[in-house]
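Please read the structure below before turning to the comments.
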Amino acid sequence: MEAKGSEWWSGETVAVVTGGNRGIGLEVCRQLADKGLTVIMTARQPQEQLSVPAQQFLQEAAEAKRKNVIFHTLDITQQQSVLDFVDWLKLRVGLVDILVNNAAIQKAEVHWKFMEHNNVDPNTFLSNFDYGGGTRESYESAKECIDTNYYGTVKLTEALLPFLRLSPHNARIVMVSSIAGLLCYVRDEGLRKQLSETEGLTEQKIDGVLNLFLEDLKSEKAMEKWPLKLPAYSISKASLNAYGRLLALQLNGVAYVNSVHPGAVKTNMTDSTGNLSPIEGAENVVRVALFSVDGPSGHNFMECEDSQF
């Protein structure tokens, strides 16, 4: 689906992008800036510790005297970092039109010998979720993944809602999701139903699913209910999709909230496997971020296609 109608954005349109240090996040920043929007690029690292491509992007913007690219350190898992960012936003811009929730981590260990034994192509392994197994997850890595991908994103989104409500265009909130977040990979029907329902869905119910997952992982019980591959990453994205649908209902008439799987993109997180470049993956995210005023809300996009959750 393409953005329809005339361009609704301008140089005054403010877009906040999390996880802008590399990969898809960096390219989203670049593409939004190229369209003339004011882009606030954020990352956990201070500017001097950013990746070389990120520093080059900021240096090029500075040399061209482009004032529409601004960097600010932001760790979405740290409450004080979020509060500092909010205080800075009040002074610097006052409102936010677009929030691209891209920051995420994946900490499961890939079992390469398992793949070799089963003749699994390492170039497609992490992007092919129809093939299960081959990864190992510790409780500590799973909790860190969920705290970042879900709770950190929710924390930041809630903190920015007052700024998003001020957008004159109806704000856009984009959850950068994954094929891993599709509910078909959750193997328990009751859990799938709990995360897919519209009526009665609450943040407390989503919390309940995540707490149950961590309890099962910690006790090494009942893991047959959960996704086979990258279980923590998968359930964190499925939960984020559910939160996005809930938020879309709550912000009806105020903001458009959508999830998007950018595709199998070659990034550090995927060990450079996949069939799309970060530029191509970012194009799929930007397309959703710039949907027109009659665009959808509460939807999930698999690259360019409107999809079930």
Side-chain angles (χ1 to χ4, degrees), residues 19 76-79 101 103-115 117-118 120 125-158 175-247 259 261 269-271 273 300 302 307-309:
I76 63 173
T77 68
Q78 299 299 315
Q79 183 66 20
N101 284 312
I105 61 172
Q106 194 295 108
K107 292 278 188 156
E109 179 186 355
V110 178
H111 192 177
W112 297 107
K113 288 187 177 180
F114 173 90
M115 292 200 304
H117 180 74
N118 289 275
V120 179
F125 171 68
L126 288 176
S127 59
N128 180 10
F129 276 79
D130 291 325
Y131 177 85
T135 58
R136 293 175 288 198
E137 191 89 66
S138 70
Y139 175 83
E140 291 74 17
S141 67
K143 190 173 187 308
E144 184 180 359
C145 180
I146 289 170
D147 284 346
T148 301
N149 300 358
Y150 179 74
Y151 288 111
T153 298
V154 170
K155 182 187 304 178
L156 177 68
T157 303
E158 297 288 340
M175 308 297 187
V176 179
S177 189
S178 169
I179 190 174
L182 292 177
L183 289 171
C184 61
Y185 298 116
V186 179
R187 292 181 288 160
D188 182 88
E189 183 178 355
L191 292 169
R192 286 198 304 272
K193 183 177 180 181
Q194 191 164 335
L195 289 177
S196 65
E197 65 181 4
T198 300
E199 294 294 329
L201 181 65
T202 64
E203 287 187 52
Q204 289 73 26
K205 287 187 177 181
I206 300 172
D207 289 343
V209 171
L210 292 170
N211 289 335
L212 179 61
F213 169 77
L214 289 172
E215 289 173 9
D216 286 350
L217 183 63
K218 191 171 186 177
S219 63
E220 298 183 354
K221 295 179 180 178
M223 286 305 291
E224 70 274 4
K225 293 182 290 190
W226 306 103
L228 279 168
K229 186 187 292 183
L230 311 179
Y233 181 79
S234 184
I235 201 64
S236 72
K237 290 298 187 179
S239 298
L240 187 61
N241 288 345
Y243 170 74
R245 292 200 325 275
L246 177 62
L247 198 60
S259 298
H261 164 55
M269 187 181 293
T270 63
D271 288 331
T273 64
N300 184 38
M302 300 297 290
S307 170
Q308 297 294 317
F309 284 93

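Using modelled atom types, one side-chain atom of Arg245 and one backbone atom of Leu195 make a donor-acceptor pair closer than 3.5 Å. Counting only distance, with no hydrogens or angles, the side chain of Asp216 and the backbone of Met223 share no donor-acceptor pair below 3.5 Å.
Leu217 places none of its side-chain heavy atoms less than 4.5 Å from the side chain of Trp226. Proximity of Lys237 to Tyr150: side-chain heavy atoms (C-beta onward) are nowhere separated by under 4.5 Å. Within the 4.5 Å cutoff, no side-chain heavy atoms of Pro227 are placed close to those of Tyr233. Looking at Tyr151 and Leu210, their side chains come closer than 4.5 Å, going by heavy atoms from C-beta outward. Asn149 has its side chain out of reach of Leu240: every pair of non-hydrogen atoms, C-beta onward, lies at least 4.5 Å apart.
Exactly one of Asn241, Leu191, Leu183, Val186 qualifies for a side chain to side chain contact (heavy atoms under 4.5 Å, CB included) with Ser196. That residue is Leu183. Exactly one of Leu156, Thr153, Thr148 qualifies for a side chain to side chain contact (heavy atoms under 4.5 Å, CB included) with Thr77. That residue is Thr148. Of the options Cys145, Ser177, Ser178, a side chain to side chain contact (heavy atoms under 4.5 Å, CB included) to Ser236 is made by Cys145 and by none of the others.
Within 6.0 Å of the NZ atom in Lys143, the count of heavy atoms belonging to other residues, nucleotides or ligands does not exceed 12. The number of heavy atoms from other shown groups lying within 6.0 Å of NZ (Lys155) is above 12.
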Margin query: Does Glu137 form a side-chain hydrogen bond (donor to acceptor under 3.5 Å, both in side chains) with Ser141? I'd like the steps, not just the answer.
Written below: CA-CA 7 Å; Glu137 191 89 66; Ser141 67; 3.1 Å; yes
* To do: Take Asn101 and Thr157 through the side-chain hydrogen bond (donor to acceptor under 3.5 Å, both in side chains) test and state the conclusion after the steps.
  => CA-CA 8 Å; Asn101 284 312; Thr157 303; 3.1 Å; yes
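Between His261 atom NE2 and Asn300 atom CG the span is 9.5 Å, to the nearest 0.5 Å. Thr202 OG1 to Asp207 CG: the interatomic distance, rounded to the nearest 0.5 Å, is 8.0 Å. Here the straight-line distance linking atom CG of Leu182 with atom CE of Met302 works out to 4.5 Å at 0.5 Å rounding. To the nearest 0.5 Å, atom CD of residue Glu144 and atom CD1 of residue Ile105 are 4.0 Å apart. For the atom pair CG of Asp188 and CZ of Phe213, the computed distance is 13.5 Å after rounding to the nearest 0.5 Å. Within the model, atoms CD of Glu140 and NZ of Lys218 stand 8.0 Å from one another, a figure rounded to the nearest 0.5 Å.
Pairing each heavy atom of Ile206 with each of Tyr243, the nearest pair is CD1-N, 3.7 Å. Gly19 and Ala103 make their closest contact through N-CB, 3.7 Å (heavy atoms, listed as atom of the first residue, atom of the second, distance). Between Glu203 and Glu158, the shortest heavy-atom contact is OE2-OE2, 3.6 Å. Taking each heavy atom of Leu201 and Ala242 in turn, the nearest pair found is CD2-O, 3.5 Å. Taking each heavy atom of Tyr185 and Ile179 in turn, the nearest pair found is CE1-O, 3.4 Å.
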